[in-house]
Each structure stands twice: as C-alpha cells, then as structure tokens.
Amino acid sequence: MLIRRELPSDESAIRRVHADAFAPHYPGEQPAEPQLVDDLRPSGAYLGALSLIAVSDGEIVGHVCCTRATLLPREDPVLGLAPLGVRQSHQHRGVGGALMHAVLGAADALDEPLVVLLGHLDYYQRFGFRPAAEVGVEPENPEWSPFFQARSLTSYRPELRGRFRYAQPFDDL
Ligand SMILES: CC(C)(COP(=O)(O)OP(=O)(O)OC[C@H]1O[C@@H](n2cnc3c(N)ncnc32)[C@H](O)[C@@H]1OP(=O)(O)O)[C@@H](O)C(=O)NCCC(=O)NCCS
C-alpha cells in the first residue's frame, strides 16, 4: 500500500471511497462526505499538499485531507482534519493509521501548528490527539465537546487558543 498526494484524475475514486466508508453512518441515506470533499476543493480552503490517498494493488482504498480552518476571534490559521475514510473491504489493515501519520507529518513539515478534528477519542489518541479543551480550543457547537480533539505540531504556540471555525463547506453538513 502506498500513500501519495491526490491528483485531479483521482477525484471520482475518492468520492467512491467516502461513499463506501461512511455508508454505515447513514443508514438509508447517501453519505454527505463525498459532496463535502467536492465542495472543499474549489473553496480556497483546500490544501493539495494535505489531500492524501492510499493505493493498494492499483486501487484507491483510502483518503484523508486537512483543510484551512481558523481560531476566532484572531483568525489564526490552523487545520481541520476531515474526512478520513477507508473502503470497508480494506479496514483494520493499518490504512487509516498510515494516512493519519502521513498527513500529520506533511502538516508538520509545512509548519502548520495545530490539527483539529471531531472523532472517537479511542481511535485518535494513538496519533497524539487529546481533548481540544486542554489546549484552549473550543468547538463552534458545544455538543461536539466529547469528540473534539487537537494535535499540536512542532510550530505550536500556546497563545493559539479560541473558537474553532471549519472551512465554509462544513457548514452545509
Ligand atoms: C476510522 C477508519 C478511517 C479507520 O481506518 P482503518 O484503516 O480501519 O484503520 P487502522 O487499520 O489503521 O486501525 C484500525 C483500528 O482502529 C481502531 N478503530 C477504528 N475505528 C474506530 C472507531 N470508530 N472507534 C474506535 N476505534 C476505532 C480499532 O482499534 C481498530 O483496530 P482493529 O483493526 O483491531 O479493530 C475507518 O474505519 C473508516 O473509514 N471508517 C468510516 C469513516 C469514519 O468514521 N471516519 C472517521 C471519522 S471522519
């Protein structure tokens, strides 16, 4: 399995990855994540260097991206990590973990200070995420608090605090 950056020719395969990965979260409905990625690409918040795919036997089986987010009120730039998806047929083989390590390493190399996400504490703690409240970062919606996590990178500064604001396309979720 190889990890590489997304290319324009990968877009439809990435859509299929998220449709399949997130299907169990949307019984009887279409998952929102394929459209979210399509809406993020032209939004100005998309960061091509932080949109990574996992390829196994020539097939795209996983995708993750980090997009530009801010901390209010100062609008300090940070990253929002979402979505992360692995095709159901390829889960539990380390693909998600490989994508997470790769995107965090790339974000660190780009001098990004902080990555924020909504997800299960059990899964993301292994990648260095901890409750975002511990670094003074609050969610837009207080109901997210139990799942709201942050990972500081090398150029993190403790004054990076405030209310987290995802890129605009997340508002439509
Ligand atoms: C979450 C996801 C990306 C993990 O991908 P993966 O390739 O299976 O991950 P890995 O193989 O690196 O790690 C698997 C381990 O992660 C843990 N794990 C996976 N999903 C988890 C969850 N929802 N809660 C807690 N732990 C979880 C388990 O410990 C699992 O170990 P196991 O294989 O022994 O059961 C994948 O399950 C997925 O695409 N899920 C649907 C989409 C989703 O919920 N994305 C995350 C929110 S944006």
Side-chain angles (χ1 to χ4, degrees), residues 1-6 10-41 43 45-48 50-69 78-108 112 114-134 137 139-141 143-151 153 164-173:
M1 191 257 305
L2 298 176
I3 306 286
R4 65 165 172 80
R5 282 175 58 168
E6 169 192 334
D10 300 325
E11 289 180 14
S12 57
I14 290 171
R15 214 172 285 133
R16 289 196 296 275
V17 163
H18 290 301
D20 181 78
F22 283 90
H25 295 320
Y26 294 83
E29 280 180 66
Q30 295 295 320
E33 281 71 11
Q35 189 61 48
L36 171 65
V37 177
D38 285 347
D39 292 345
L40 282 166
R41 272 196 200 92
S43 72
Y46 213 61
L47 302 167
L50 299 177
S51 178
L52 304 182
I53 57 167
V55 184
S56 176
D57 293 328
E59 184 194 359
I60 296 179
V61 299
H63 173 249
V64 67
C65 63
C66 290
T67 51
R68 176 60 63 221
V78 295
L79 293 174
L81 188 154
L84 166 68
V86 175
R87 288 192 79 97
Q88 293 179 50
S89 56
H90 287 72
Q91 291 179 6
H92 308 291
R93 298 186 199 173
V95 176
L99 283 166
M100 286 298 296
H101 286 299
V103 83
L104 291 171
D108 200 25
E112 292 288 342
L114 192 73
V115 184
V116 176
L117 59 76
L118 269 173
H120 288 274
L121 288 175
D122 288 351
Y123 185 57
Y124 292 102
Q125 262 174 6
R126 70 194 71 183
F127 307 112
F129 284 84
R130 54 193 169 126
E134 290 182 13
V137 174
E140 285 179 74
N141 180 343
E143 289 176 12
W144 297 350
S145 292
F147 309 103
F148 196 61
Q149 303 172 57
R151 162 72 141 85
L153 300 174
F164 180 79
R165 177 101 181 92
Y166 271 116
Q168 189 276 328
F170 285 90
D171 293 345
D172 301 331
L173 271 187

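Whatever order the structure lists them in is the order used to number ligands and atoms, beginning at 1.
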inquiry  = So if I apply the side chain to side chain contact (heavy atoms under 4.5 Å, CB included) rule between Arg87 and each of His63, Glu59, His18, which one comes out positive?
reply    = Glu59
Parallel, tilted or perpendicular, as decided by the 30° and 60° cut-offs, for the rings of Tyr166 and Phe164 =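 Rings of Phe164 and Tyr166: perpendicular, over 60°.
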task = Measure up the Phe148 and Trp144 rings against each other and bin them: parallel (under 30°), tilted (30 to 60°), perpendicular (over 60°).
result =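 The arrangement is tilted - the two ring planes meet at 30° to 60°.
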ask   = Between Asp10 and Arg5, is there a side-chain N and carboxylate O pair less than 4.0 Å apart?
value =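 Here Asp10 does not pair with Arg5 in a salt bridge, since their nearest N and O are not under 4.0 Å apart.
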key: Salt bridge flag under 4.0 Å for residues Glu112 and Arg68   =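 Result for this pair is yes, salt bridge flagged.
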request  = Could you name the protein residues that come within less than 4.0 Å of ligand 1, counting only heavy atoms, and order them by chain and residue number?
outcome  = Ala21, Phe22, His25, Leu84, Gly85, Val86, Gln91, His92, Arg93, Gly94, Val95, Gly96, Gly97, His120, Asp122, Tyr123, Tyr124, Arg126
Side chain to side chain contact (heavy atoms under 4.5 Å, CB included) partners of Asp108, counting only residues at least two apart = Leu153, Thr154
